[in-house]
Amino acid sequence: MKRLTDRVRFRKSALPALLGFFAVVLAGSAQAQSQQKGDASLRIEYQYIRTGDYQGDGFVADYWTTDSHIALLSGDYSFSDRWTVYAALPYVQKRFNATQFNGDPHNPNDPFWIDYIPPDKRFIDDGDYHGGFQDLAFGLKYLAVDGPAWTVSPYVGFGFPADDYPFYAKAAIGLNLWNLPVGVDLTYIPYFSDWYFRGNFAYVFSEQPLDINVDYWLGYLSAGYWFKPGFSMNVFLSTKYIRKGLVLPWSFTDDPNFGDYPEAFDTPEWYHHDRLIRHRFVNLGVAFDYFFNGRYKLSGSYFTGIWADQTNEVDHAFTLALTHYWDGGD
């Protein structure tokens with residue numbers, strides 16, 4: 001019984017859930033069993049993401065890539081044995097890499113902008129890194145079920161741009177939209193087992209640019225195993241699915257070969273297209289957690305895209321994070 005008891009103790013934490021920049025990955029860790037008032041955590045994380053082919057409707061664009069480096073600070077605090085607040089803020093540096101045809105950079109200063117003049121003239125698809133603070137996210141979570149096998153925690157959050165960064169660019173660090181996720185975090189640990197299973201599902205209400213509905217679903221599923229009381233590994237799937245949104249090319253042109261580009265794209269819809277297109281994807285990854293003691297945890301993950309529609313696939317990505325925990329009972 002000591003192995004099982006130690007394993008549960010090492011899992012004790014509040015939620016460092018993120019629903020901001022990680023349209024790429026929804027990372028929700030397991031909610032604490034026997035949560036106490038005053039439990040808290042602070043997490044510092046580094047992320048690298050390389051994206052490649054754009055998967056459109058009937059075509060693949062393979063002539064550019066992007067690199068993103070993210071420093072992510074997140075934390076949470078349990079102000080009762082049921083209620084937890086959390087927050088996260090990423091700092092992002094991203095660049096656009098042309099591989100052929102000059103990569104077709106998004107330039108708001110191009111001369112074809114005649115009927116519609118972009119309100120933001122900043123050009124960042126120049127091959128250099130550009131960035132800044134992205135979207136500040138915070139929320140409230142309730143531990144509804146705290147059983148020996150199951151935990152169920154609904155939550156609601158809010159995210160908004162921390163800065164007025166440009167969004168018309170392949171090197172854009174985000175969509176510059178507010179969002180409101182409503183979801184549930186689930187954990188299942190079979191009795192007297194070293195296996196554990198996690199799920200996190202959210203419906204995200206989004207700001208609607210040009211009055212177009214771009215609300216979306218986010219999902220995260222993982223299955224893990226504790227090899228020893230302080231070390232576990234898991235495999236996971238993460239997904240984003242915009243319900244509606246526009247479709248490239250058909251929402252912009254009747255020519256699948258883009259023969260009318262750029263003349264037909266001198267529109268507000270094209271300027272906002274990265275915010276309006278129905279991004280959908282599934283990523284697959286593997287992750288680990290290693291506890292130095294009951295206070296510090298080293299985490300890492302690697303993932304890649306296995307399906308994408310109306311978005312760029314993730315070629316490869318990895319994360320490395322250090323989390324510090326405080327127990328309210330101390």
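The figures that follow rest on heavy atoms only: side chains count, while hydrogens, waters and symmetry mates do not.
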_Pi-cation contact, F236 with R198 (under 6.0 Å, within 45°)_ =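 That pair does not qualify as a cation-pi contact.
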
_Do K240 and Y216 form a cation-pi contact, if we require the NZ or CZ to be under 6.0 Å from the six-membered ring centre and within 45 degrees of the ring's axis?_
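Yes; both conditions hold, so K240 lies above the ring face of Y216.
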
*Taking it one step at a time, do R50 and E313 satisfy side chain to side chain contact (heavy atoms under 4.5 Å, CB included)?*
CA-CA 9 Å; R50 160 62 69 93; E313 283 187 323; over 6 Å; no

Centre-to-centre under 6.0 Å for [X] and [Y], is that the case here?
X: W113; Y: F265; value: no
X: W270; Y: F252; value: yes
X: Y91; Y: F133; value: yes
X: W326; Y: H324; value: yes

*Where G103 and K170 come nearest, the two heavy atoms and their spacing*: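 Minimum heavy-atom separation between G103 and K170: O-NZ, 3.6 Å.
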
Answer yes or no: is there a side-chain heavy-atom contact under 4.5 Å between [X] and [Y]?
X: T99; Y: Y63; answer: yes
X: F231; Y: F291; answer: no
X: P249; Y: F59; answer: yes
X: T66; Y: K94; answer: yes

Using only atom types and a distance under 3.5 Å, with no angle test, would you say the side chain of [X] pairs donor to acceptor with the backbone of [Y]?
X: T304; Y: V314; result: yes
X: D266; Y: E263; result: no
X: S193; Y: W195; result: yes

*Please step through side-chain hydrogen bond (donor to acceptor under 3.5 Å, both in side chains) for the pair Y155 and N200, ending with a clear verdict.*
CA-CA 10 Å; Y155 60 87; N200 197 314; 2.4 Å; yes

*Test log, rule side chain to side chain contact (heavy atoms under 4.5 Å, CB included), inputs T323 and R295*: CA-CA 8 Å; T323 308; R295 299 295 185 187; over 6 Å; no

_I117, CD1 atom: more than 12 neighbouring heavy atoms under 6.0 Å_ =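 Check passes, neighbour count above 12.
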
_More than 12 heavy atoms from other groups under 6.0 Å of CG on D128_ =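 Yes.
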
*asked:* T84 vs D76, test: side-chain hydrogen bond (donor to acceptor under 3.5 Å, both in side chains). Steps then yes/no.
replied: CA-CA 7 Å; T84 298; D76 55 28; over 6 Å; no

*Assign the ring pair H106 / H273 to parallel, tilted or perpendicular, where the plane angle (0 to 90°) is split at 30° and 60°.*
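It falls in the perpendicular class, over 60°.
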
*Anything under 30° is parallel, anything over 60° is perpendicular, the rest tilted; go ahead and classify W83 against F79.*
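Parallel: the ring planes of W83 and F79 meet at under 30°.
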
*Steps toward salt bridge (charged side-chain N to carboxylate O under 4.0 Å, His left out) verdict (D81, K37)*: CA-CA 5 Å; D81 60 356; K37 178 180 178 180; over 6 Å; no

*asked:* Is there a side chain to side chain contact (heavy atoms under 4.5 Å, CB included) between R275 and L177? Walk through the geometry before answering.
replied: CA-CA 8 Å; R275 305 165 117 192; L177 300 172; 3.3 Å; yes

